[in-house]
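In what follows, every heavy atom counts, from backbone to side chain, and hydrogens, waters and symmetry copies are set aside.
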Amino acid sequence: MNNTRSYWAEELEKYKVLGDTAKIKNFSYLLLTYTEEYFENLEKFYDQLPSNGDLTLLVLKGHLLIEQQIRSYVYNHFPNQKVLKDVFKDTHSLISAGKAYADPSCLDTIALWDCFIKLNSIRNFLAHRLDQTGLLHKIEDFLKVSDPFIDFGPDSDSVHDRMHNAINAIYQKALYLSTVQEKKYRTFEEQRT
């Protein structure tokens with residue numbers, strides 16, 4: 001299936017002529033949600049996420065890129081974002097604030113926030129410990145929780161490739177949340193002026 005904005009725009013116009021309201025709604029949603037900015041952010045992610053086999057660098061950079069999207073998501077819930085600078089100093093607090101916005105009855109959403117928490121735990125483990133004992137268990141736990149968000153498997157069964165695939169999948173989810181919330185915030189800002 002072709003998932004480009006130009007294809008979606010063509011399909012939208014086609015279904016407008018045909019009068020298919022369900023397809024019009026679907027392609028309108030895709031064009032409104034998955035903006036050029038979304039794809040630019042995704043491209044930056046692909047450029048910055050290492051694929052050289054260094055697991056520590058992959059986790060640190062992947063975590064940082066995901067944290068940026070979570071920060072955007074959380075901050076865009078607040079009209080006075082300047083005061084948040086000193087509120088969410090650690091990532092765990094930031095993730096917890098984001099999870100607080102999740103519908104507790106939506107198990108997929110809760111599982112996604114659990115992925116963020118587990119990746120943060122792995123990042124902290126790598127950044128603050130010289131001894132790697134227990135790391136593989138943390139990684140396997142993260143991979144197990146992130147598995148439902150992965151649409152296709154990695155090229156190999158190596159821990160690095162599986163982590164790369166999982167980080168990619170949950171980054172896209174974080175980017176989606178951030179993009180949708182940023183649009184809501186922009187609408188709020190426009191209505192205030």
Side-chain angles (χ1 to χ4, degrees), residues 37-78 81 84-102 104 106-182:
E37 186 178 11
Y38 174 91
F39 285 107
E40 287 169 12
N41 281 325
L42 198 54
E43 188 70 30
K44 286 179 194 172
F45 171 78
Y46 291 140
D47 289 344
Q48 294 174 343
L49 191 68
S51 57
N52 63 359
D54 184 340
L55 182 63
T56 300
L57 187 60
L58 171 69
V59 170
L60 294 177
K61 284 195 170 191
H63 175 275
L64 181 59
L65 292 162
I66 290 168
E67 180 187 343
Q68 289 171 344
Q69 297 308 317
I70 294 171
R71 190 168 300 283
S72 172
Y73 170 76
V74 170
Y75 278 39
N76 281 318
H77 278 86
F78 296 95
Q81 296 177 4
L84 296 176
K85 183 177 80 173
D86 295 325
V87 174
F88 301 114
K89 290 184 179 184
D90 67 285
T91 306
H92 187 79
S93 297
L94 180 72
I95 294 170
S96 295
K99 188 175 181 180
Y101 289 108
C106 182
L107 299 180
D108 286 343
T109 304
I110 297 300
L112 178 63
W113 287 99
D114 289 344
C115 286
F116 299 148
I117 290 168
K118 289 180 184 304
L119 181 61
N120 188 54
S121 175
I122 294 168
R123 179 258 175 225
N124 289 341
F125 187 95
L126 288 170
H128 300 290
R129 291 186 57 171
L130 296 174
D131 178 15
Q132 300 278 313
T133 305
L135 176 62
L136 191 55
H137 173 73
K138 285 183 170 296
I139 288 173
E140 290 299 332
D141 190 36
F142 166 74
L143 291 171
K144 181 180 170 185
V145 174
S146 63
D147 189 59
F149 301 104
I150 299 172
D151 292 330
F152 53 89
D155 294 335
S156 79
D157 287 333
S158 75
V159 170
H160 179 275
D161 288 351
R162 292 169 56 217
M163 282 296 288
H164 192 281
N165 204 30
I167 288 170
N168 178 9
I170 67 168
Y171 174 83
Q172 289 185 43
K173 300 294 184 185
L175 179 57
Y176 172 80
L177 290 172
S178 172
T179 301
V180 169
Q181 189 57 39
E182 186 173 338

Is the closest side-chain heavy-atom distance between [X] and [Y] below 4.5 Å?
{"X": "Q81", "Y": "N76", "result": "yes"}
{"X": "Y171", "Y": "L42", "result": "yes"}
{"X": "N120", "Y": "H63", "result": "yes"}
{"X": "E67", "Y": "R123", "result": "no"}

Under the rule for salt bridge (Lys or Arg N to Asp or Glu O under 4.0 Å), what residues qualify as partners of D54, not counting sequence neighbours?
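With neighbours one apart ignored, the set is empty.
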
Mark yes or no for whether S72, through its side chain, and Q68, through its backbone, hold a donor-acceptor pair below 3.5 Å.
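Pair absent, no side-chain N/O of S72 close to backbone of Q68.
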
Notebook entry, point to check: Do the side chain of Q69 and the main chain of S178 share a donor and acceptor less than 3.5 angstrom apart?
Noted result: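 No: the side chain of Q69 does not pair with the backbone of S178.
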
Value rounded to 0.5 Å, distance of [atom1] in [X] from [atom2] in [Y]:
{"X": "T91", "Y": "I117", "atom1": "OG1", "atom2": "CD1", "result": "11.5 Å"}
{"X": "N165", "Y": "L143", "atom1": "CG", "atom2": "CG", "result": "9.5 Å"}
{"X": "L119", "Y": "D114", "atom1": "CG", "atom2": "CG", "result": "12.5 Å"}
{"X": "I110", "Y": "C115", "atom1": "CD1", "atom2": "SG", "result": "11.5 Å"}
{"X": "K61", "Y": "I66", "atom1": "NZ", "atom2": "CD1", "result": "14.0 Å"}
{"X": "L55", "Y": "L135", "atom1": "CG", "atom2": "CG", "result": "6.5 Å"}

Shortest non-hydrogen contact between [X] and [Y], atoms and distance:
{"X": "A169", "Y": "I150", "result": "CB-CG1, 3.9 Å"}
{"X": "V74", "Y": "A97", "result": "CG1-CB, 4.1 Å"}
{"X": "G62", "Y": "L49", "result": "CA-CD1, 3.6 Å"}
{"X": "I170", "Y": "F116", "result": "O-CE2, 3.8 Å"}
{"X": "A111", "Y": "V145", "result": "O-CG1, 3.7 Å"}
{"X": "L58", "Y": "P50", "result": "CD1-O, 3.5 Å"}

Next item on the list: Evaluate whether atom CG of D157 has more than 12 neighbouring non-hydrogen atoms of other residues, nucleotides or ligands under 6.0 angstrom away.
Entry: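 Atom CG in D157 is not crowded, with 12 or fewer foreign heavy atoms closer than 6.0 Å.
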
Quick one: list whatever passes side chain to side chain contact (heavy atoms under 4.5 Å, CB included) with [X], sequence neighbours left out.
{"X": "S51", "answer": "H164"}
{"X": "T133", "answer": "D131"}
{"X": "L84", "answer": "Y75, F78, V87, F88"}
{"X": "K173", "answer": "L112, F149"}

| query | Looking just at side-chain N and O atoms, do Q172 and N168 make a donor-acceptor pair shorter than 3.5 Å? | reply |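 Yes, because at least one side-chain N or O of Q172 sits under 3.5 Å from a partner of the opposite role on N168.
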
* H77 vs Y101 aromatic rings, parallel, tilted or perpendicular, using cut-offs 30° and 60°? ->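 Answer is parallel, since the angle falls under 30°.
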
Full working for side-chain contact (heavy atoms from CB on, under 4.5 Å) between T179 and E37: CA-CA 8 Å; T179 301; E37 186 178 11; over 6 Å; no

* Please, which pairs that meet side-chain hydrogen bond (donor to acceptor under 3.5 Å, both in side chains) have at least one residue in residues 136-148, sequence neighbours excluded? ->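 Only K118-D141, S121-K138, E140-R162 qualify under side-chain hydrogen bond (donor to acceptor under 3.5 Å, both in side chains).
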
Could you walk me through whether L126 and Q132 satisfy the side-chain contact (heavy atoms from CB on, under 4.5 Å) test, starting with their C-alpha distance in whole Å, then the side-chain angles of each, then the deciding distance to 0.1 Å, before giving a yes or no? CA-CA 8 Å; L126 288 170; Q132 300 278 313; 3.7 Å; yes

